[in-house]
Amino acid sequence: LDKGQEEDWFASQWICWLVTISAVSMIGFIVRELTAEHPLVDLRVLRYRNFAFGLVLMMVRSGRQLLFPLFGDAIGLDVVHIGSLVSLSSAIDTLMFYPAGQVMDRKGRKWTSVPGMVILSTAMVMLPLMPNATGMMLFAVISGLGNGITTGVLLTMGADLAPVAERNQFLGLWRLELDTGVVLAPVIVGAIAEGVSLAAAALVIMGFGFIGAAVLAFWMKETLIKKV
């Protein structure tokens with residue numbers, strides 16, 4: 001964190017060139033696929049609404065991981081305390097794996113993804129409302145619970161939705177979309193924290209989470225097909 005405050009990472013020509021090359025390559029690939037007579041990847045699979053939820057959930061998860069050290073450093077916690085809170089959150093996360101999987105398979109994917117997203121987003125409120133060690137503790141516990149409830153749901157939904165004839169293409173794009181959410185969150189959090197405040201960044205991530213939960217609950221279909 002100290003190194004990041006002392007140096008401008010984007011002053012490096014290497015980073016600027018790599019970002020530019022990556023962006024141009026991605027745009028070129030998409031244009032080629034949309035205009036080619038025989039595309040390598042059928043981008044029509046992006047029509048599935050659940051792609052939007054996967055992107056948002058990964059943004060919230062990635063934002064959570066970034067806000068841990070940033071808020072901890074901002075309120076004066078040392079590295080040991082921040083690491084302990086991360087470990088506590090991860091432990092709670094792990095404890096939810098089995099019950100979340102059981103509910104997901106028995107009731108449906110929405111039964112874990114919607115409440116998990118709501119809980120994960122609610123945890124973000126602890127940071128601006130209680131900018132102290134107690135708030136960080138509550139954030140660690142609540143976010144660990146919410147993240148654990150959503151464990152495995154995105155990969156499972158991807159497997160549910162993947163067309164048999166285009167399974168490899170679909171899952172590749174599904175993974176790309178999830179990773180895009182992981183990449184976007186730090187950029188959004190960093191920009192808002194720099195321009196406004198860390199508290200505002202946490203509230204924005206929270207807003208994304210609540211919108212994602214509402215969209216999944218009322219607009220997207222359940223992907224579990226129950227066998228009679």
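Both backbone and side-chain heavy atoms feed into the values below; hydrogens, waters and symmetry mates do not. Remember, predicted model here, so these are calculated numbers, not experimental data. In this chain, numbering begins with 1 at the start of the sequence shown.
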Please round to the nearest 0.5 Å and tell me the distance separating atom [atom1] of [X] and atom [atom2] of [Y].
X    : Y    : atom1 : atom2 : value
I82  : S87  : CD1   : OG    : 12.0 Å
L161 : T156 : CG    : OG1   : 11.0 Å
K110 : M157 : NZ    : CE    : 8.5 Å
L55  : F208 : CG    : CZ    : 9.0 Å
L216 : I211 : CG    : CD1   : 13.5 Å
L173 : L178 : CG    : CG    : 11.0 Å

Exercise. Side chains of V189 and V204: does their closest heavy-atom pair fall under 4.5 Å?
Worked result: no

Problem set entry | Sub-4.5 Å side-chain heavy-atom contact between T94 and T151 | no

Problem set entry | Sequence-distant partners of E222, side chain to side chain donor-acceptor pair (under 3.5 Å), two or more places apart |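 By the side chain to side chain donor-acceptor pair (under 3.5 Å) rule, E222 matches no residue at all.
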
For this session: Output every pair passing salt bridge (Lys or Arg N to Asp or Glu O under 4.0 Å) with a member in residues 138-161, not counting sequence neighbours, ordered by first then second residue.
Result: R109-D160

For residues 192-202, tabulate all N or O donor-acceptor pairs below 3.5 Å that involve a side-chain atom, not counting sequence neighbours.
residue: S197; atom: OG; partner: A200; partner atom: N; Å: 3.1

Please tabulate, for side-chain N and O atoms in residues 114-137, each donor-acceptor pair with protein atoms closer than 3.5 Å (sequence neighbours left out).
residue: S121; atom: OG; partner: M117; partner atom: O; Å: 2.8
residue: T122; atom: OG1; partner: V118; partner atom: O; Å: 2.7
residue: N132; atom: OD1; partner: T134; partner atom: N; Å: 3.1
residue: N132; atom: OD1; partner: G135; partner atom: N; Å: 2.8

Problem set entry | Within 6.0 Å of CG in D78, more than 12 heavy atoms from elsewhere |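 Enclosed.
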
Exercise. Would the number of heavy atoms belonging to other residues, nucleotides or ligands and lying under 6.0 Å from OH of Y98 be above 12?
Worked result: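 Atom OH in Y98 is not packed in, count stays at 12 or less.
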
Quick check: is [Y] connected to [X] through a chain of hydrophobic side chains (ILVMFWY, heavy atoms under 4.5 Å apart)?
X    : Y    : answer
V153 : L95  : no
I75  : V79  : no
L155 : W111 : no
V103 : I92  : no
L67  : V182 : yes

Problem set entry | Sequence neighbours excluded, every pair satisfying ring-ring contact (aromatic ring centres under 6.0 Å, His included) that has a member inside residues 61-91 | F68-F139

Exercise. Any side-chain hydrogen bond (donor to acceptor under 3.5 Å, both in side chains) pairs touching residues 54-71, not counting sequence neighbours?
Worked result: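 Found R61-N147, R61-T150, R64-S89, R64-S143.
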
Problem set entry | Shortest non-hydrogen contact from M104 toward G152 |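 Shortest heavy-atom contact: CE-C, 4.1 Å.
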
Problem set entry | Which atom of A100 lies closest to which atom of T112, heavy atoms considered |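 Closest pair (atom of A100, atom of T112, distance): O-CG2, 3.5 Å.
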
Exercise. Within the side chain of W174, is there an N or O that forms a donor-acceptor pair under 3.5 Å with the backbone of G54?
Worked result: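 A pair under 3.5 Å: no.
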
